Amino acid sequence: MNSLSLAVRDSHTMLRRNLLHAWRYPSATLNLLLTPIMMLLLFVYIFGDVMSAGIAGGGADRSDYIAYIVPGILLMTVGSTVIGAAVYVSMDMTEGLIARFRTMAVYRGSVVVGHVVGSVLQSVASVVLVGAVGVAIGFRSTDATALEWLAAFGLIALFALALTWIAVGMGMASPNPEAASNMAMPLILLPLISSAFIPAGTMPGWFRPIAEYQPFTPAIETLRGLLLGTEIGHNGWLALAWCVGLIALGYRWSTAQFNRDPM
Amino acid sequence: MPSSVMPTSRQGDGHLSTTAISAVGLRKSYGEKLVLDGIDLHIPAGSVFALLGPNGAGKTTAVKILSTLIAADAGELHVGGHDVAADPQAVRAAIGVTGQFSAVDGLITGEENMLLMADLHHLCKREGRRVAAELLERFDLVDAAKKPVSTYSGGMKRRLDLAMTLVGSPRIIFLDEPTTGLDPRSRHNMWAIIRGLVSDGVTVFLTTQYLDEADELADRIAVLNDGKIVAEGTAEELKRLVPGGHVRLRFTDPTAYQSAADALREVTRDDQALSLSIPSDGSQRELRSILDWLDSVGVEADELTVHTPDLDDVFFALTSGGNVPHQPQKDAR
């Protein structure tokens with residue numbers, strides 16, 4: 001077997017392990033979905049009347065607000081799911097099993113690849129689940145073409161890959177799973193200061209640049225454009241740049257830590 | 001480097017034997033702290049070697065380095081004929097490691113752990129299932145095979161841990177404190193398992209802080225203290241390093257006792273038990289001279305026993321930081 005097929009085979013084994021865990025302990029994954037689903041229901045049904053008055057220059061009703069908020073909630077779901085990856089990586093790195101893997105003649109990066117691919121798959125599955133809740137309460141895409149749907153999925157997967165690599169880096173940098181969970185908190189808090197719930201344009205002027213240029217807002221605006229036909233503008237490129245940048249950063253950070261001698 | 005080329009060395013008895021693990025000048029420090037200060041090891045294939053030392057002596061560090069987990073600062077290291085620094089992947093293919101902390105996946109079942117190992121060793125599905133079933137049987141884990149490992153007892157986790165190590169049929173096995181934290185029964189079970197490995201011709205590198213364990217299992221023992229090997233040899237050789245060994249003669253006839261006590265010098269008398277203790281290292285030569293002496297004065301003891309100090313005596317003598325006795329003989333290379 002050449003080294004590439006060896007790498008693929010070992011990574012596949014590690015991915016199966018990762019998915020087996022998710023399969024055995026669905027509550028761990030589902031817990032992570034509670035926050036975005038609660039946010040969705042809270043903002044639509046409790047704050048909905050006030051919130052809808054603030055978008056589209058007023059005069060919008062609840063169904064307009066559902067359409068507005070769901071793309072943001074979907075990307076928040078990604079942020080929430082990858083917190084699980086940070087915790088899981090930290091758990092793996094602080095237990096004895098990783099030492100066993102390191103002393104076996106397996107492709108070295110396979111553990112990390114297993115985590116990364118597993119986390120992206122879980123993120124996409126989670127987004128589908130939360131999306132189903134969105135559809136159940138009345139979210140409908142307006143005239144998105146098959147190509148736009150494809151692009152939307154691609155964007156979600158790419159965004160999930162970007163946040164996963166950052167989460168993996170956080171998991172490696174943490175001394176224990178609790179610390180990993182804390183360190184990964186911004187991944188679920190950032191959507192609160194993005195255009196997920198209210199348009200960035202309605203925020204105070206000094207804060208607007210932060211909201212507009214943080215990773216979530218361009219991705220949310222792009223997803224909104226793909227599903228609802230709103231203006232994407234430069235957000236498409238910004239989202240792509242953020243994803244590529246975060247992947248590169250997370251990858252470098254994670255591999256540097258992974259290759260360090262364990263104590 | 002072709003894996004069939006292994007360095008050979010001549011043993012004391014003249015047999016040509018392959019070397020499983022060798023280290024020359026192994027050094028490692030963490031920051032300011034020197035953990036291993038120039039260690040030399042030479043472990044023939046098919047033998048059990050025990051690295052004995054108190055907590056913090058550097059045992060685990062030595063295992064971590066030889067099993068490619070961490071890099072040494074200096075030293076020429078070969079495991080299974082492969083250079084540890086230059087070709088760690090080849091070393092990994094030859095070894096199995098059971099570390100101090102259980103290296104099992106607690107979230108899945110024992111059987112799934114075994115199949116995970118089979119997959120990582122690139123066994124085909126059928127072969128993987130066969131090996132997993134066989135080892136679960138051998139380690140008495142069949143009943144628990146379908147249960148999550150998080151529900152296992154400490155002894156079961158250790159057994160599973162070792163079973164996982166054996167999936168790839170490694171020829172060299174590192175066991176870092178394999179029985180620490182086990183109850184006496186599990187400990188004896190583990191010993192039996194380790195003896196079983198040896199009879200298959202596997203080389204075992206064992207660390208332990210228990211002297212009886214080293215005594216029980218190892219062909220050769222090295223005592224590690226403060227990052228240095230302070231003594232090395234068989235259990236018997238080590239026991240002869242410290243004072244306290246004696247020959248004890250017991251008599252039933254008080255007259256014989258009296259005449260023996262008069263004839264022998266340097267004896268400690270125990271008049272009530274009618275026994276005499278003569279300081280001795282228990283070597284053949286000393287025994288013969290004692291027997292010759294008894295013959296020459298025409299006394300016959302009813303019982304003669306040789307008492308060597310046990311490894312505890314050795315351990316405390318060697319690791320207390322006091323004077324270190326000279327090595328009995330340089331181990332034969």
Side-chain angles (χ1 to χ4, degrees), chain A residues 1-29 84-85 87-115 118 176-177 257-263, chain B residues 28 30-31 35 60-61 63-73 79 82 84 87-109 112-113 115-123 128 148-150 157-158 161 164-165 167-168 170 172-174 176:
Chain A
M1 240 190 304
N2 65 38
S3 58
L4 180 67
S5 64
L6 202 79
V8 170
R9 185 174 178 168
D10 290 339
S11 302
H12 181 245
T13 300
M14 294 299 188
L15 172 62
R16 275 219 317 276
R17 167 175 175 257
N18 189 290
L19 296 179
L20 186 61
H21 287 169
W23 181 248
R24 281 290 150 76
Y25 299 89
S27 60
T29 314
V87 172
Y88 187 11
V89 165
S90 167
M91 220 161 86
D92 237 10
M93 294 301 143
T94 48
E95 277 176 5
L97 194 59
I98 188 70
R100 180 188 289 285
F101 292 150
R102 285 173 190 272
T103 55
M104 290 174 73
V106 298
Y107 167 59
R108 227 171 139 68
S110 58
V111 194
V112 182
V113 176
H115 279 301
N176 56 56
Q257 296 182 87
F258 184 70
N259 290 333
R260 219 171 34 197
D261 269 354
M263 283 297 279
Chain B
K28 175 79 183 175
Y30 287 117
V35 181
T60 298
T61 304
V63 169
K64 281 181 173 172
I65 289 171
L66 290 168
S67 65
T68 76
L69 198 53
I70 57 178
D73 294 342
V79 173
H82 307 283
V84 173
D87 199 358
Q89 205 69 351
V91 171
R92 289 174 190 139
I95 64 171
V97 186
T98 296
Q100 200 168 343
F101 302 102
S102 75
V104 297
D105 189 332
L107 299 178
I108 57 179
T109 70
E112 284 162 349
N113 267 287
L115 294 175
L116 173 66
M117 288 301 115
D119 284 340
L120 291 177
H121 281 290
H122 311 125
L123 304 181
V149 172
S150 51
K157 274 188 192 154
R158 284 296 173 95
D161 203 331
M164 286 166 73
T165 301
V167 169
I172 299 169
I173 296 178
F174 291 92
D176 192 9

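Every chain is numbered from 1 and lettered A, B, ... according to where its sequence line falls, protein lines coming before strand lines. These numbers come from a predicted model, not from an experiment.
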Checklist entry - Excluding sequence neighbours, so at least two apart, what forms ring-ring contact (aromatic ring centres under 6.0 Å, His included) with B:Phe174? => result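 In terms of ring-ring contact (aromatic ring centres under 6.0 Å, His included), with neighbours along the sequence ignored, B:Phe174 is linked to B:Phe205.
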Next on the checklist: Can you give me the closest heavy-atom contact between B:Leu123 and A:Arg9, atom names plus distance?
Outcome noted: O-NH2, 3.3 Å
Item to check | Non-hydrogen side-chain atoms of A:Glu95 and B:Asp105 separated by less than 4.5 Å | outcome: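 No, too far: nothing below the 4.5 Å cut-off.
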Item to check | CG on B:Leu66 to OG1 on A:Thr103, rounded to 0.5 Å | outcome: 12.5 Å
Checklist entry - Checking heavy atoms, do the side chain of B:Ser102, its backbone, both or neither come under 4.5 Å from chain A? => result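 Backbone only.
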Checklist entry - Side chains of A:Arg108 and B:Gln89: closer than 4.5 Å at any heavy-atom pair? => result no
Item to check | Distance-only donor-acceptor check, side chains B:Thr165 and A:Arg100, under 3.5 Å | outcome: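 Their side chains do contain a donor-acceptor pair, which is all the 3.5 Å distance test asks for.
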Next on the checklist: Please enumerate all residues that pass side chain to side chain donor-acceptor pair (under 3.5 Å) together with A:Thr94, with sequence neighbours excluded.
Outcome noted: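 Expected list: none.
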Checklist entry - Side chain, backbone, both or neither: which part of B:Val97 has a heavy atom under 4.5 Å from chain A? => result both
Next on the checklist: Is there a side-chain contact between A:Arg17 and B:Asp119 in this structure, where contact means two heavy atoms from C-beta onward sitting under 4.5 Å apart?
Outcome noted: no
Next on the checklist: I'd like to know which of A:Arg102, A:Arg260, A:His21, A:Arg16 tops the heavy-atom pair count under 4.5 Å against chain B.
Outcome noted: A:His21
Checklist entry - For A:Phe101 and B:Leu116, which heavy atoms make the closest approach, and how far apart are they? => result CZ-CD2, 4.1 Å
Next on the checklist: Please report the interatomic distance CG(A:Asp92) to CG(B:Leu107), rounded to the nearest 0.5 Å.
Outcome noted: 8.5 Å
Checklist outcome for this item: A:Gly96 and B:Ala103 have their tightest heavy-atom pair at O-CB, 3.4 Å
Next on the checklist: Less than 4.5 Å to any heavy atom of chain A: does that hold for the side chain of B:Gln100, its backbone, both, or neither?
Outcome noted: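 When you check distances to chain A, no heavy atom of B:Gln100 falls under 4.5 Å.
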Item to check | Residue pair A:Arg24 / B:Thr109: nearest heavy atoms and the distance that separates them | outcome: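 Between these two residues, the closest heavy atoms are NH1-CG2, 3.9 Å.
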Item to check | Nearest heavy-atom neighbours spanning B:Leu120 and A:Thr13 | outcome: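 B:Leu120 and A:Thr13 have their closest heavy atoms at CD2-CG2, 3.8 Å.
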Item to check | Shortest non-hydrogen contact from B:Arg92 toward A:Met104 | outcome: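 Looking at all heavy atoms of both residues, the shortest contact is CD-O, 3.4 Å.
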